[in-house]
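In what follows, every heavy atom counts, from backbone to side chain, and hydrogens, waters and symmetry copies are set aside. Since we're looking at a predicted model, the values are computed, not measured. Chain naming here is simple, since letters A, B, ... match the order of the sequence lines and numbering starts at 1 in each.
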Amino acid sequence: MSEIMSALNAKVGRRSFLKMAAVAGAFGATAGFASEKVTRAATEEEVKNPYPGSKLVKTICNVCSVGCGVVAEVHNGVWVRQEVAGDHPLSLGGHCCKGAGMIDMIRSDVRLKYPMEKVGGQWKRISWEDAYTKISTHLKAIREKHGPDASMFLGSAKMSNEQAYYLRKFAAFYGTNNIDHQARLCHSSTVTGVSNTFGYGAMTNQLGDIQNSKAVLIMGANPAVAHPVGFQHFLKAKERNNTKLIVVEPRFTKTAAKADMYVRLRSGTDIAFIYGMIHLILKNGWEDKQYLQDRVYGYEDVFKESEKWTPDVVSKVTGVSEEELFQVTKTFASTKPGCLVWTMGWTQHSIGTSNTRVGPILQMILGNMGVEGGGCNILRGHDNVQGASDMGCSSETLPGYYGLENPAWAHFSRVWKVEPDYIKSRFKAPEMMNKNGFTLARWSEGVMKNDAIYNAGTDLKALVVMGCGITSTAQLQEVKKGLDNIELLVITDPFINDAAILTDRKDNLFILPVATQFETSGSVTATGRNVQWRSKVVEPQYECKTDHDIMFELARRLGFYDEYTKALGDGKGKFEWPEDATREIARGIRSIGMGGHTPERLKKHQENWHMFEEVSIAGMGPMKGEYYGLPWPCWNETHSGSPILYNVNKPVSDGGMGFRLNWGVEKDGVSLLAGEGSAPIGSAIAKGHGPLTLELLEKAGATFSEEEKAIVAGKNFATDLSGILIKKGLALGLTPYGNGKARAKAWNFPDQIPMHREPIHSYSPEMAKAYPTYPDKKDHFRVDTKYISAQTRQDYTKEFPLIMITGRLVTHSGAGAETRASKHLAKLNPEMFVDIHPNTALNLGIRNGEMVWVYGVEGTRIHVKAKFSQTVDEKTVFLPFHYMGKFQGKDLSENYPVGTKPYATGESANTVVGYGYDIMTQIPETKTGLCRIEKA
Amino acid sequence: MDYARMKFYCDESRCIECDGCSVACAEAHELPTGISRRKVVTINEGIPGKEMSTSIACMHCTDAPCQQVCPVDCFYIREDGIVLHDKNKCIGCGYCLYACPFGAPQFPRDGAFGAKGAMDKCTMCAGGPLETNSEKERHLYGQNRIAEGKVPVCAAMCSTKALLVGDAESVSNVYRARVMARGGKGANSPYGWDKAYKNQ
């Protein structure tokens with residue numbers, strides 16, 4: 001203290017400071033202190049750089065799928081600060097509060113530091129050896145007694161592609177399809193709905209491409225809050241292109257505040273609204289007739305359905321006025337190109353898979369697909385949920401969306417270099433290999449059996465959760481029962497998973513501390529299908545191990561390590577992680593074109609962030625000929641990546657393609673091949689054709705040597721591991737997956753064209769009678785699931801008169817375990833609350849900031865603070881879903897192991913979300929429920 | 001020799017209250033949670049046509065009122081306009097907070113009997129009077145990025161580039177280009193500039 005005081009003595013007055021400070025960067029600035037004994041002249045390096053000898057490590061943020069670049073400055077093995085990732089082509093150096101606080105993933109005091117076991121209701125610290133021994137012994141016993149289907153694995157959208165792929169592989173080698181991850185809860189209905197319409201179920205354009213749009217229709221999405229850095233592209237579009245932002249949404253969100261047009265509609269009535277638009281489009285002749293004829297199957301049925309959606313009917317169902325409907329339709333239909341954006345507001349419904357089909361259909365009717373500035377910009381959630389979906393960490397498919405039928409297993413046996421009979425031997429019975437497993441939404445039924453289950457004759461006895469916030473699903477009280485009653489519960493995470501404290505169980509609960517993505521390297525796939533490389537910033541902290549270390553060790557102890565790692569490195573256990581896994585993925589996943597994502601190419605993109613354009617993401621200089629992140633499909637090692645899907649205005653070598661020929665060549669006498677002339681530029685076949693095979697290529701003029709013929713005989717582009725078919729196909733300008741028509745009519749869906757059905761818990765019993773939900777479904781991912789019987793169980797509106805919507809806050813992510821563990825984020829939004837309109841609240845006798853009870857339809861309730869807000873209308877309330885630590889009024893603080901409690905806790909919205917799941921994917925219906933609010 | 005005049009500007013047409021700036025600042029300078037050098041506020045939330053968000057911190061004003069009222073003269077103003085102060089001279093009286101139109105001065109409140117600690121505020125990442133880039137400067141004032149030739153973190157990390165910082169002329173140019181792109185709609189001058197800089 002005294003040295004400082006003497007250094008600041010009267011001699012060194014303000015003028016000297018002015019002179020010194022203004023000359024930034026010159027080491028002479030500190031000359032004034034040179035005479036004091038406590039300081040020495042700073043070296044030039046020190047004045048410029050507070051951390052001499054530090055290195056800057058490039059990685060990607062771990063929160064959402066925008067995939068912002070993160071630059072970590074590391075000094076002596078310590079991450080000292082975040083630097084600006086100004087070169088990153090997608091984020092341009094920007095961060096939201098979560099990205100700006102990524103360093104807290106390492107710095108947070110409440111990180112899990114060592115393995116723990118709950119014994120007799122007490123948390124005990126144990127060693128890794130102890131943990132591994134106990135867990136593997138228990139798993140082995142369960143597997144031997146009840147079969148592999150008695151276990152369920154929940155893996156992660158937070159892992160790298162390599163780790164997610166290896167978790168899916170782990171479940172396969174363990175012998176079960178009971179594996180799922182976060183995509184189930186957010187975009188499973190997108191993947192199923194969109195892939196059954198276009199061929200691939202992913203975002204069709206790019207965030208940067210939005211700057212090419214002239215109109216953006218945002219329904220069921222709030223990108224200003226959920227994808228803040230991505231939202232800069234929307235704002236720039238407004239400036240650069242005079243783009244019209246149209247938001248149709250039950251709440252006046254932050255996104256709506258920036259919109260040119262905002263229309264409030266009743267939640268759950270999006271299909272009715274879109275049909276209203278289609279009705280007006282046809283009436284005014286605004287549809288793209290030629291496009292529909294050449295490239296879409298089954299649109300006539302959609303046209304027929306739209307006839308009855310006249311503006312007055314739409315108005316009655318949606319609450320939108322006829323004028324507003326017309327205004328939105330006219331603007332969007334006549335301002336081209338236009339893109340459509342949706343997220344959970346469309347996916348999390350019992351009709352989610354119909355919502356996600358009606359949007360693509362609208363875009364095709366308007367001719368907005370496969371063009372720059374158009375498309376369906378479906379914004380994904382977690383940082384690697386796109387990647388984890390692609391890696392097949394889901395209960396209805398193997399990696400790469402190959403499915404679960406026998407040809408898929410045959411393909412992966414070859415990729416994994418094991419005999420098909422070996423894999424078969426791991427399963428209880430051959431038919432279990434083809435059966436969808438339980439989902440993240442309803443796995444607890446495998447324990448509690450409120451509805452009948454079909455799980456190879458056994459209950460679920462073990463749950464292994466690796467990086468999955470499993471409290472993010474509807475009916476949390478049922479999830480709790482599952483957690484309380486299952487025999488063995490293993491949870492691995494960097495921060496305490498809320499599932500571990502929600503449960504009251506006293507024993508057989510293991511917590512393993514896992515290293516974050518900053519403590520390992522690997523690839524991660526952003527929402528635009530761009531694959532990015534993450535470099536390791538610091539070594540695993542405390543006693544943490546990486547997810548893959550845990551998988552490998554468990555595989556060793558469960559006896560399948562050798563087979564599990566056969567495809568890596570030398571096949572004898574010597575391999576380079578993650579690079580050899582990246583190579584395995586590139587070799588094996590051809591269906592969606594991961595063949596071009598070699599570790600070398602991905603690392604080069606990371607090195608050269610600054611060489612990619614902002615809007616087109618085209619590479620320049622040494623990166624010319626490639627798009628940033630090689631958006632899949634990137635068919636092989638020389639392919640550029642495909643930024644805009646279904647674009648026939650480009651050759652295949654530059655990312656062009658038509659729709660996928662995925663459902664045969666004809667249906668009911670109508671051809672499913674693309675029409676004459678609608679093929680990518682330079683395609684040797686100027687119309688529709690099937691996926692690449694030896695026969696098709698030879699017919700198109702390719703020549704094969706005898707050796708090559710032997711290799712590719714009987715294969716197609718997706719099952720040919722040699723890549724020969726793709727190579728010869730690209731040389732002829734042919735799209736590997738064929739060139740077909742998109743399907744407006746999906747004959748494998750219960751509603752072949754999207755139909756409006758009221759939510760399970762509908763605001764209007766009259767509407768629910770006019771537009772009832774589906775019949776109950778048997779054996780839906782191994783459990784009977786109610787639809788009409790749940791909807792008609794009672795007139796919910798008598799006791800639960802308010803529409804309830806859950807959603808996001810910008811400061812938190814998912815179940816909140818990571819963001820609530822950051823002091824700064826917790827400070828910004830420390831408490832759970834309910835947004836309620838002042839009129840509604842005052843009529844209920846509730847003042848702003850008072851505590852209230854929110855009652856859910858299943859008999860549960862939560863104790864939260866009321867927050868007056870005009871963002872909701874008088875019949876709707878909004879609950880953020882990021883909190884845990886309190887359950888139905890009971891504080892769960894005592895359940896947290898010492899030193900792991902996050903800085904913010906609260907009730908979970910999902911405690912009061914009722915029974916409702918999508919008909920095809922079982923995604924929970926959280927975006928349109930009912931509740932009652934009373935003063936506490 | 002012409003010196004730059006550093007200014008902040010937050011474009012309220014682009015600010016979406018993502019709080020990236022406030023957390024970037026808190027992390028960069030390792031602030032205690034009781035101190036918010038930079039805050040984001042939203043007014044008229046939920047009201048179409050009126051809702052507006054903006055990011056506020058010290059504006060580094062011309063003729064800074066805080067410096068004018070300080071009884072112990074702990075402020076010093078650089079040639080480039082950045083307003084800094086000496087925490088070791090500060091007596092925590094709070095006059096600067098009364099004088100500041102933007103509420104920038106913050107006071108840690110963990111002292112006994114509710115005593116306020118020494119004032120803390122945005123330094124535009126230019127540190128303080130202690131030795132540049134020393135451990136002590138970092139501990140008391142945070143990073144000195146200006147000395148490193150780097151941009152203040154808040155604006156550098158703004159998710160939508162709503163928040164800008166830099167030489168007044170460069171910032172004005174960016175603002176002007178945006179106003180023109182928006183068809184001339186919006187404020188005549190950036191929000192808060194007439195209060196802070198008196199058009200100087």
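Interface residue A:Lys827: only side-chain heavy atoms are found under 4.5 Å from chain B. For A:Arg107, the part sitting under 4.5 Å from any heavy atom of chain B is the side chain, from C-beta outward, and nothing else. Residue B:Leu163: no heavy atom, backbone or side chain, is found under 4.5 Å from chain A. Interface residue A:Lys258: only side-chain heavy atoms are found under 4.5 Å from chain B. Residue B:Thr42 touches chain A through its side chain alone, counting heavy-atom pairs closer than 4.5 Å. The contact between B:Cys15 and chain A is made entirely by backbone atoms, counting heavy-atom distances below 4.5 Å. Heavy-atom distances place no part of B:Ala28 under 4.5 Å from chain A, backbone and side chain included. Only the side chain of A:Val810 comes within less than 4.5 Å of a heavy atom in chain B; its backbone stays farther off. Within the 4.5 angstrom heavy-atom criterion, atoms from both the backbone and the side chain of B:Thr33 approach chain A.
Among B:Arg138, B:Glu135, B:Arg145, the single residue meeting the side chain to side chain contact (heavy atoms under 4.5 Å, CB included) criterion with A:Pro50 is B:Arg138.
Rounding to the nearest 0.5 angstrom, the gap separating the CE atom in B:Met157 from the OG atom in A:Ser91 is 10.0 Å. To the nearest 0.5 Å, atom CD1 of residue B:Ile16 and atom OG1 of residue A:Thr255 are 7.5 Å apart.
Counting only heavy atoms from C-beta outward, the side chains of A:Phe231 and B:Ser159 never approach each other to under 4.5 Å. With contacts defined as side-chain heavy-atom distances shorter than 4.5 Å, the pair A:Arg81/B:Gln143 qualifies.
Closest non-hydrogen pair, B:Ser13 versus A:Leu235, comes out as O-CD2, 3.9 Å. When all heavy atoms of B:Ser22 and A:Leu828 are compared, the pair lying nearest together is OG-CD1, 4.3 Å. For the pair B:Lys161 and A:Gly94, the tightest heavy-atom approach, listed with the atom from each and the gap, is NZ-N, 3.6 Å. The two atoms that bring B:Thr160 and A:Gln232 nearest to each other are CA-CB, 3.6 Å, heavy atoms only. Between B:Glu27 and A:Ala100, the closest heavy-atom pair is CG-O, 3.6 Å. Counting all heavy atoms, side chain and backbone alike, B:Glu45 lies closest to A:Ser869 at OE1-OG, 4.4 Å.
Between chain A and the options B:Cys21, B:Ala26, B:Ala155, B:Cys25, the largest number of non-hydrogen pairs under 4.5 Å is found for B:Ala26.
A distance-only check finds no donor-acceptor pair linking the side chain of B:Lys150 to the backbone of A:Val84 [under 3.5 Å].
Ion pairing between B:Arg14 and A:Glu239 holds under the 4.0 Å rule for side-chain N and carboxylate O.
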